[in-house]
Structure formats: structure tokens, C-alpha cells
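Only this structure's heavy atoms are used, side chains among them; waters, hydrogens and symmetry mates stay out.
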Amino acid sequence: MKRMNQNTVKPKMVFIDIDGTLVDDEGNIPLSAREACQQARENGHLLYLCTGRSKAEVYDAIWEVGFDGLIGAGGGYVEFGEQVLYHKKVTVEAVRQMVDFFNEHDIDFFLESNSALYGSRNLQGHLERRIYGDIDNDPSARAKKEQQPHPFIAGITYGETDLYKHDVNKVCFLENPIVPFERIKQEFNGKFGVIQCTVPIFGEGSGELTILGVHKASAIADLIEHVGISREDTIAIGDGMNDVEMLEFCHVGVAMGNAKPGLKAIADDVTETVLEDGLYHTFVKYGLIEG
């Protein structure tokens with residue numbers, strides 16, 4: 001694709017995934033990405049986070065970069081400026097079914113709502129092992145937990161005895177080798193959207209259960225219609241399979257260099273990885289900022 005001249009390019013609406021796109025595996029935002037986003041907004045472009053995370057997982061450090069709005073929960077929640085376009089929630093009956101299934105099969109999970117994340121009974125220990133290592137026997141793992149506490153672990157509410165919540169956006173589960181991903185997908189087929197998790201540290205067998213028919217592209221379509229932006233003026237950047245629909249829908253769909261092979265296959269373009277300043281290079285290539 002041609003690189004556009006900054007002086008002639010029309011204002012664009014850019015939809016940016018978070019994990020694996022804006023932030024690395026440790027949750028850090030590269031300086032190049034931070035500066036690229038700020039410069040693009042100064043140039044008149046609109047930047048929207050478009051993520052599987054619920055609002056409670058979009059931490060202050062991310063908002064401080066500067067964005068015009070949020071598509072969260074994989075498309076179930078849309079806000080622009082101070083306004084909420086809509087918020088779609090899982091039914092209480094469906095939440096009950098998911099909670100009961102995961103508890104019965106010893107699968108660790110967390111419920112996502114806009115106000116909080118609610119973890120299952122053994123989730124905290126499982127997450128700590130995956131993020132820090134063996135904190136009981138490895139001094140370096142203990143030091144990592146003490147010196148570099150991960151905001152995700154700290155941001156989850158643990159110990160809730162009643163997980164039949166009324167304000168759930170979606171559910172994420174961690175892999176259990178005894179219960180393969182395909183078994184879970186079969187259990188909820190036709191009832192929920194079932195996709196593999198986009199956070200590598202959670203394991204290949206981890207995943208998400210979402211409301212059927214809700215995905216990032218459906219939210220983007222609703223948002224651009226509401227604000228009066230043409231589809232031809234949209235760009236999407238992502239790395240996971242929950243980004244497929246938005247990359248296909250937007251006029252330009254860019255996959256990160258660290259993206260899943262399936263996403264690269266359908267993308268219009270593939271940029272560098274997060275650690276290789278992929279977001280920055282994309283912004284330069286498509287004329288959002290000057291290199």
C-alpha cells in the first residue's frame with residue numbers, strides 16, 4: 001500500500017487493540033507508541049482503544065497516553081468522550097451456567113464487568129505462577145512479585161463467594177490441560193462466542209466467552225455510524241484472533257509482527273512487533289504522523 005502524505009491525508013479514526021499491540025507482555029507501552037498516539041491526535045486523527053478488556057482493566061497508565069474513546073469487552077461496551085453508546089451484558093442465567101461449568105471442571109476464570117473483575121477461588125495462585133513463576137521456591141520469582149507487582153493481578157477482586165453477578169460483560173478462563181479448549185468450545189457452542197485468549201502467558205488452551213454476535217467490528221460499525229465517520233477513513237491495528245472482524249471491516253487492517261498467523265493471513269498489511277515499534281511504524285506508513 002502507498003504511504004500517504006501527511007499534508008493531504010484526511011482525518012482518520014484509528015482502532016487500536018491493547019494487549020500485544022499497544023502494550024507488551026509485561027503491560028508496558030513502548031515510548032514510540034505513546035508518542036505516536038499523541039502526535040496523531042495533535043494531527044487531528046481520532047484514536048479509539050478497541051480491546052477485549054473491560055473498562056476496569058483499562059488502567060490509568062493507558063488512558064494517560066490520550067484516546068478519544070473506548071470499545072471494550074470485545075465490542076460489548078462503547079463510549080466516546082463522556083458518552084456511553086451502549087453496554088451489552090451477559091444474562092444472569094448464562095453467568096450461572098458458565099460459573100457452574102468452570103467450577104465443576106476446576107478451570108480458573110474471572111468475570112469481567114465495568115466496575116470490577118471477579119476471580120474464581122484458585123485464580124490468584126494460578127496467575128501468580130504464570131506471571132511471576134514459582135514464588136514459593138524461587139527467590140527471583142518472589143523478588144519479581146515484590147518489586148514488579150503486575151497491575152492485572154492486583155486489579156482482580158478475589159474471595160467473592162457469590163459469582164452469579166448481574167453486570168458481566170464476558171468471561172476469561174485459564175487453560176487446564178485436563179479440559180482442552182475444544183471441549184469448552186463444544187460445551188458453549190451456539191450459546192456464546194468462544195475464542196482463544198489473546199494473552200500468551202495465559203496459555204494456548206485459555207480463552208474467552210462472549211455474547212453471541214458481539215465483536216469489535218459490530219461495535220466499530222455502530223460507532224462510526226453514530227459519529228458520522230466514513231468506513232473508508234478507518235484503520236485497525238491488532239494481534240489476536242479477536243481482531244479478525246475489525247481488521248476485515250476497517251478500510252485498512254494491520255496485523256502486528258507478533259500477531260497470530262491467522263490474523264496475518266487476512267490483514268491488509270503486517271507491521272513490526274510491539275518491541276520493534278510496530279504501532280509507530282504503522283502510523284508513519286499511513287500518514288498519521290511524520291517519521
Side-chain angles (χ1 to χ4, degrees), residues 1-4 9-23 29-30 32-33 36-37 39-41 43-53 58 62 65-80 85 193 195-196 198-199 208 210 213-274 277-289:
M1 293 188 178
K2 294 180 180 179
R3 173 174 170 175
M4 295 179 280
V9 66
K10 292 171 60 180
K12 303 297 181 184
M13 182 176 277
V14 188
F15 297 94
I16 305 167
D17 177 52
I18 294 181
D19 296 292
T21 301
L22 179 67
V23 308
I29 304 171
S32 66
C37 288
Q39 186 61 56
R41 292 187 78 211
N43 290 341
H45 303 290
L46 299 173
L47 271 56
Y48 278 75
L49 295 166
C50 195
T51 177
R53 295 191 187 196
V58 183
I62 295 173
V65 172
F67 294 96
D68 295 283
L70 167 70
I71 293 176
Y77 176 79
V78 182
E79 71 175 27
F80 56 105
L85 185 59
I195 59 173
Q196 286 184 298
T198 60
V199 182
E208 303 176 358
T210 62
V214 170
H215 50 68
K216 294 182 179 183
S218 63
I220 291 172
D222 291 338
L223 178 59
I224 65 172
E225 179 180 4
H226 186 79
V227 301
I229 295 289
S230 169
R231 184 173 173 181
E232 284 68 37
D233 294 321
T234 60
I235 299 173
I237 311 171
D239 73 302
M241 295 309 290
N242 68 337
D243 296 319
V244 168
E245 290 87 358
M246 82 165 181
L247 262 64
E248 291 180 327
F249 177 83
C250 288
H251 185 63
V252 176
V254 180
M256 298 294 289
N258 47 274
K260 297 287 187 181
L263 190 71
K264 291 180 178 179
I266 61 92
D268 297 310
D269 196 4
V270 178
T271 188
E272 286 80 5
T273 69
V274 177
D277 303 318
L279 189 142
Y280 165 81
H281 289 300
T282 296
F283 278 31
V284 171
K285 181 173 184 177
Y286 291 98
L288 303 174
I289 62 173

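Interatomic distance, OG1 of T282 versus CD1 of I289, reported as 9.5 Å (0.5 Å rounding). Here H45 contributes atom NE2 and F283 contributes atom CZ; the two are 9.0 Å apart, rounded to the nearest 0.5 Å. The CZ atom of F67 sits 4.5 Å away from atom CG of L49, with the distance rounded to the nearest 0.5 Å. With rounding to the nearest 0.5 angstrom, the CG atom of L70 is 5.0 Å from the CD atom of E79. Interatomic distance, K12 NZ to K10 NZ, rounded to the nearest 0.5 Å: 6.0 Å. Considering CD1 of I29 and CD1 of I62, their distance stands at 5.5 Å, rounded to 0.5 Å.
Within the 4.5 Å cutoff, no side-chain heavy atoms of T273 are placed close to those of D239. Residues V227 and M13 meet the side-chain proximity criterion, which asks for heavy atoms closer than 4.5 Å. Side-chain contact between I237 and M256: present, with at least one pair of heavy atoms (C-beta onward) separated by less than 4.5 Å.
Test D268, T234, I235 against H251 for side chain to side chain contact (heavy atoms under 4.5 Å, CB included) and you get one pass: T234.
For D68 (side chain) and Y48 (main-chain N/O), no donor-acceptor pair under 3.5 Å exists by modelled atom type. Listed for the T271 side chain is a donor-acceptor partner under 3.5 Å among the backbone atoms of G278. Proximity of a side-chain donor or acceptor of N258 to a complementary backbone N or O of V274 within less than 3.5 Å is detected. Judged purely by atom type and a 3.5 angstrom limit, N43 uses its side chain to pair as donor or acceptor with the backbone of L288.
In terms of heavy-atom proximity, L279 sits nearest to C37 at CD2-SG, 4.1 Å. Of all the heavy atoms in L263 and M241, the pair that sits closest is N-SD, 3.6 Å. Between L247 and G238, the shortest heavy-atom distance links the atoms CD1-N, 4.0 Å. Across all their heavy atoms, E248 and R231 have their closest contact at O-NH2, 4.0 Å. The shortest heavy-atom contact between G213 and S218 is O-OG, 3.9 Å. A219 and G75 get closest at one heavy-atom pair: CB-O, 3.6 Å.
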From CA spacing to verdict: ring pair (Phe, Tyr, Trp, His ring centres under 6.0 Å), F80, H226:
CA-CA 10 Å; F80 56 105; H226 186 79; 5.1 Å; yes
Are I71 and M246 close enough, and set up right, to give a side chain to side chain contact (heavy atoms under 4.5 Å, CB included), and what steps lead you there?
CA-CA 11 Å; I71 293 176; M246 82 165 181; over 6 Å; no
Check the pair V14, Y286 against side chain to side chain contact (heavy atoms under 4.5 Å, CB included), reporting the backbone distance first and the verdict last.
CA-CA 11 Å; V14 188; Y286 291 98; over 6 Å; no
Side chain to side chain contact (heavy atoms under 4.5 Å, CB included) between T210 and H215: does it pass, once the steps are laid out?
CA-CA 8 Å; T210 62; H215 50 68; over 6 Å; no
Take S230 and E232 through the side-chain hydrogen bond (donor to acceptor under 3.5 Å, both in side chains) test and state the conclusion after the steps.
CA-CA 5 Å; S230 169; E232 284 68 37; 2.5 Å; yes
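The side-chain contact (heavy atoms from CB on, under 4.5 Å) test applied to A73 returns S54, N169, not counting sequence neighbours.
Note on residues 214-224: pairs passing salt bridge (Lys or Arg N to Asp or Glu O under 4.0 Å), not counting sequence neighbours, are D17-K216, K216-D243.
Under a cut-off of 6.0 angstrom, the local environment of CD in E225 is sparse, with at most 12 non-hydrogen atoms contributed by other residues, nucleotides or ligands.
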